[in-house]
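For reference, the structure discussed in these notes is given below.
So that the names make sense, note that chain A is the first sequence line, chain B the second, and so on, each numbered from 1.
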2 protein chains.
Amino acid sequence: MRHVAESTIRRLPLYLQFLEKAEAEGKATVSSRALAERGGATPAQVRKDLSFFGSFGKRGIGYPTRQLASQVREILGLGRRYRVVIVGAGRIGAALANYPGFEQRGFDVVAIYDADPGKVGRRLDGLTIRPVTALGDDLGAAPVDIAVIGTPGAAAQDTADRLVRLGVRGILNFAPVSLVVPREVALTNVNMALELEALTFALNRRRA
Amino acid sequence: MRHVAESTIRRLPLYLQFLEKAEAEGKATVSSRALAERGGATPAQVRKDLSFFGSFGKRGIGYPTRQLASQVREILGLGRRYRVVIVGAGRIGAALANYPGFEQRGFDVVAIYDADPGKVGRRLDGLTIRPVTALGDDLGAAPVDIAVIGTPGAAAQDTADRLVRLGVRGILNFAPVSLVVPREVALTNVNMALELEALTFALNRRRA
DNA sequence: GAGTGTGAAATTGTTCACAGCG
DNA sequence: CGCTGTGAACAATTTCACACTC
């Protein structure tokens with residue numbers, strides 16, 4: 001397994017989504033063509049993507065649905081569950097706390113934090129909102145893998161710095177600022193305003 | 001102006017974010033190096049990106065902050081305001097309705113819809129939740145540019161189909177399914193579970 | 001000197017096309 | 001025969017490097 005393209009990795013969850021659907025529908029095998037339709041790829045691209053990791057298909061037949069799903073989960077590191085904390089119990093934090101995809105796909109939200117004393121102690125989807133000041137003790141006692149940042153923009157970088165110091169290895173950032181973290185920490189930014197702005201460009205482009 | 005790379009477009013909002021910050025701080029000019037630091041690009045990339053659209057900088061000095069910001073806004077089509085509807089008043093919809101970045105950056109959320117009669121009529125950030133059945137009449141009377149989909153996955157494709165028929169030109173989809181829309185409609189998918197899964201891969205990669 | 005603008009080189013990512021297996 | 005696996009061709013994107021201007 002040589003250098004795997006970043007873009008390949010980002011397509012794998014899409015393939016997995018399709019595979020799980022096909023599995024639920026009882027399809028024993030699935031072709032690269034079928035996989036390509038979801039996920040906006042071409043059949044050749046699907047085959048190339050998968051070939052980075054091994055030969056999972058049977059010529060003339062396709063890929064065994066169940067096995068491939070399990071392989072892709074393995075590749076993505078979804079063979080185990082991940083401990084996740086959410087920092088920021090505002091609307092974004094609240095939306096994330098009960099996002100059905102998380103639990104279902106192996107991510108356990110173990111705690112949610114907020115800086116506002118008025119929010120601390122309230123319950124949210126079975127979790128009691130804890131003060132951000134407790135982060136150090138909590139993560140010291142039981143480390144987590146991933147943190148989701150849903151704080152206001154102004155607090156996001158400080159929050160990230162603290163989380164990194166506390167050993168968090170991956171950050172999913174919903175605050176509308178670009179964070180700086182050490183290279184060894186995986187960071188994904190989701191910035192809705194930026195998405196909308198890029199969309200706007202496309203909107204005007206297509207009119208032409 | 002030749003073919004502009006998709007990746008270039010996606011960096012422009014990042015540059016704009018930085019330019020607005022620099023403008024607020026009273027910096028008269030800004031260098032490609034400074035612009036690159038935010039936005040995870042290289043100085044050369046910034047210069048190349050901008051050069052697709054014209055020569056905005058002065059050699060030896062940098063780019064005039066205010067002018068460049070205004071140019072980038074123009075390029076992205078942010079010279080006017082956009083009418084936006086949100087479909088789905090669940091937690092994601094609620095989080096989006098009050099997302100501070102929207103209003104501030106030229107996007108007016110004019111209505112929010114839900115299929116659940118129990119939610120219809122409730123107020124959310126100054127908007128009364130309307131029944132999805134009213135979409136046809138509402139958009140017929142006053143068209144919108146962009147729709148944000150925050151429905152459950154099962155309803156997302158139907159919703160998208162209807163919105164497209166009603167003349168929506170751009171869709172920002174937060175439902176956890178990949179939507180299919182005609183080529184002339186601009187679509188951006190934001191799928192949090194998928195982001196997390198790609199993050200997981202990076203997490204394990206870096207350990208090596 | 002500092003910093004842009006830009007062709008040309010290097011790298012990265014995608015598509016083709018076909019050999020080979022089931 | 002259908003469909004995978006993959007080198008080789010091609011296309012897109014990024015980086016380099018340097019002429020040029022302030």
If you check every side-chain atom of A:Glu6, which of D:dT6, D:dC22, C:dG13 has the closest atom?
C:dG13
Indicate, yes or no, whether a donor-acceptor pair under 3.5 Å links the base of D:dT21 to the side chain of B:Arg59.
no
For a quick check, tell me whether the side chain of A:Lys58 and the base of D:dG2 share a donor-acceptor pair closer than 3.5 Å.
no
Whole-Å gap separating P (D:dT13) and CG (B:Leu12)
14 Å
Whether B:Arg80 engages the ring of B:Tyr82 as a cation-pi pair (distance to the six-membered ring centre under 6.0 angstrom, angle to the ring normal within 45°) should be assessed.
yes
Atom-to-atom span, CZ of A:Arg11 to C1' of C:dT15 - whole angstrom:
12 Å
Establish, from distance only, whether the side-chain atoms of B:Asn191 and B:Glu195 form a donor-acceptor pair under 3.5 Å.
no
For a quick test of reading the model: is some side-chain N or O of A:Ser32 closer than 4.0 Å to OP1 or OP2 of D:dT4?
yes
Hey, which of these two, B:Val30 or A:Thr8, hits DNA chain C nearer its 5' end, going by closest nucleotide?
B:Val30
What do you reckon, are the aromatic ring centroids of B:Phe18 and B:Tyr15 less than 6.0 Å apart?
no
Nearest to side-chain heavy atoms of B:Tyr63, which nucleotide of C:dG5, D:dT14, D:dG5:
C:dG5
Whole-Å distance between C:dT15 P and A:Asp49 CG?
10 Å
A:Ser51 side chain: which of D:dA17, C:dT14, D:dG5 is closest?
D:dG5
Just how far, in rounded Å, is C1' of C:dA9 from NZ of B:Lys48?
11 Å
How close or far is atom P of D:dT13 from atom CZ of B:Arg10, stated in whole angstroms?
13 Å
When B:Asp138, B:Thr151, B:Thr133 are each screened for side-chain hydrogen bond (donor to acceptor under 3.5 Å, both in side chains) with B:Tyr113, the one that passes is B:Asp138
Could you tell me how far apart A:Gln67 (CD) and D:dT4 (C1') are, to the nearest whole angstrom?
15 Å
Taking only the side-chain heavy atoms of B:Arg47 (C-beta and beyond), determine which of C:dT4, C:dG13, C:dC16 contains the nearest atom.
C:dT4
For the side chain of B:Ser55, starting at C-beta, report the closest nucleotide among C:dG5, D:dT15, C:dC21.
C:dG5
Using whole Å, report how far CZ of B:Phe56 lies from C1' of D:dC22.
19 Å
Whole angstrom is fine here: how far is it from CD in A:Gln45 over to C1' in D:dG5?
15 Å
Carefully, step by step, assess A:Asp108 and A:Arg81 under the rule salt bridge (Lys or Arg N to Asp or Glu O under 4.0 Å).
CA-CA 7 Å; A:Asp108 294 316; A:Arg81 298 192 69 81; 2.8 Å; yes
From the options D:dC22, D:dA17, C:dT15, select the nucleotide whose nearest atom is closest to the side chain of A:Thr42.
C:dT15
